[in-house]
> 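Right, I'll just put the structure down here and ask away after.
In what follows, chains carry the letters A, B, and so on, assigned in the order in which the sequence lines appear, proteins first and then strands, with residues in each chain numbered from 1. Everything numeric in this text was worked out from a predicted model, so none of it was measured.
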Number of protein chains: 2
Amino acid sequence: MENIKQDILPECELHEEHLDLIERGRARLPETTELYDLSDFFKVFGDSTRLGILFAIDGAPMCVCDIAAVLGMTKSAVSHQLKVLRQNRLVKYNKVGKNVFYELSDDHVRDIIEKALEHIEE
Amino acid sequence: MENIKQDILPECELHEEHLDLIERGRARLPETTELYDLSDFFKVFGDSTRLGILFAIDGAPMCVCDIAAVLGMTKSAVSHQLKVLRQNRLVKYNKVGKNVFYELSDDHVRDIIEKALEHIEE
DNA sequence: CGAATAGTTGAATAGTTGTTCAACCGTTAT
DNA sequence: ATAACGGTTGAACAACTATTCAACTATTCG
């Protein structure tokens with residue numbers, strides 16, 4: 001999902017103390033793939049439509065049409081975003097007749113959003 | 001940062017039960033502006049370079065050049081992303097001679113990243 | 001002073017992303 | 001069977017975003 005950029009020569013003069021800081025900084029850095037997984041995860045929450053969907057279905061499962069009505073959007077747009085949420089396992093669904101009811105896949109999702117809300121209100 | 005889409009007519013047939021579901025869904029939905037603030041906040045974390053910076057400076061303040069060396073990127077690219085982190089008050093800095101040392105603005109940032117890491121490892 | 005280094009910035013470009021539109025599939029009801 | 005509805009999908013387009021490049025500021029040092 002993103003390009004890899006590694007092992008480019010630093011452009012600044014590297015005194016001993018800085019070399020030490022760089023060494024320590026590298027040690028704190030997670031694996032590249034983990035960094036990408038993490039940013040991809042946050043990207044899912046970085047869209048107001050997807051957040052809206054998560055809030056809407058939090059507590060009561062809803063079908064696509066009703067989610068679209070709640071958000072004031074087309075079924076298609078909502079369905080596209082539900083696909084993203086599905087792929088990241090943030091929602092689960094079950095079909096009932098012509099309807100597909102979506103709900104939060106677990107309470108973990110709620111936690112993450114609440115933590116962020118806390119930070120914002122300050 | 002995003003377009004507003006509201007009060008579009010729902011396209012699906014609205015039986016009474018669905019009207020009730022929609023009503024409840026709307027009640028759970030936060031204010032539009034709050035939804036945008038929240039998604040904007042997550043967007044900041046939705047980039048591996050910015051996450052890398054946050055991990056790198058977590059624990060020890062670092063100057064731009066050293067951050068660039070840790071990540072294997074140019075100073076310019078790092079500086080651009082530091083600006084985003086500054087604007088969202090996730091980092092603070094102080095100048096020492098020619099260097100600008102950046103550090104995490106508070107422990108809240110750490111918490112949020114850890115919560116997400118928990119969710120991913122599963 | 002002038003040269004060198006650290007950092008910032010704006011414009012340009014390439015890549016990504018969200019919504020729309022139209023076509024499609026599956027289920028239900030006539 | 002066929003029409004109608006709920007939902008999904010792929011292509012296209014517009015808007016956005018991250019990196020690069022070059023130019024710039026500020027500070028230090030000779």
> So, using ring pair (Phe, Tyr, Trp, His ring centres under 6.0 Å) as the criterion, who are the partners of F41(A) when residues are at least two apart?
F45(A), H119(B)
> Using whole Å, report how far CG of L51(B) lies from P of dA18(D).
11 Å
> Separation of D40(A) atom CG from dT16(C) atom C1', in whole Å?
12 Å
> Indicate whether OP1 or OP2 belonging to dT19(C) is found under 4.0 Å from a side-chain N or O atom of Q81(A).
yes
> Going by side-chain hydrogen bond (donor to acceptor under 3.5 Å, both in side chains), name the residues that satisfy it together with R24(B), two or more places apart in sequence or in a different chain.
D20(B)
> Taking D47(A)'s backbone N and O only, do any of them form a donor-acceptor pair with S39(B)'s side chain (distance below 3.5 Å, no angle check)?
no
> Mind checking what makes ring pair (Phe, Tyr, Trp, His ring centres under 6.0 Å) contact with H80(B), not counting sequence neighbours?
none
> Write down the protein N/O and nucleotide N/O pairs, taken from nucleotides 7-11 of chain D, whose separation is under 3.5 Å; answer none if there are no such pairs.
unit_1  : atom_1 : unit_2  : atom_2 : d
dG7(D)  : OP1    : V64(A)  : N      : 3.3
dG7(D)  : OP1    : N99(A)  : OD1    : 3.4
dG7(D)  : OP1    : V100(A) : N      : 3.0
dG7(D)  : OP2    : C65(A)  : N      : 2.6
dG7(D)  : N7     : K75(A)  : NZ     : 3.3
dT8(D)  : OP1    : Y102(A) : OH     : 2.5
dT8(D)  : OP2    : S79(A)  : OG     : 2.9
dT8(D)  : O5'    : S79(A)  : OG     : 3.4
dT9(D)  : O4     : S76(A)  : OG     : 2.7
dG10(D) : O6     : H80(A)  : NE2    : 2.7

> Check the distance between dC16(D)'s P and D47(B)'s CG and give it to me in whole angstrom.
18 Å
> Can you pull the salt bridge (Lys or Arg N to Asp or Glu O under 4.0 Å) pairs that have at least one residue in residues 82-104 of chain B, sequence neighbours excluded?
none
> What is the separation between atom CZ on F42(A) and atom P on dT16(C), rounded to the nearest whole Å?
21 Å
> Can you sort out the partners of D107(B) under side-chain hydrogen bond (donor to acceptor under 3.5 Å, both in side chains), two or more places apart, ordered by chain and number?
R110(B)
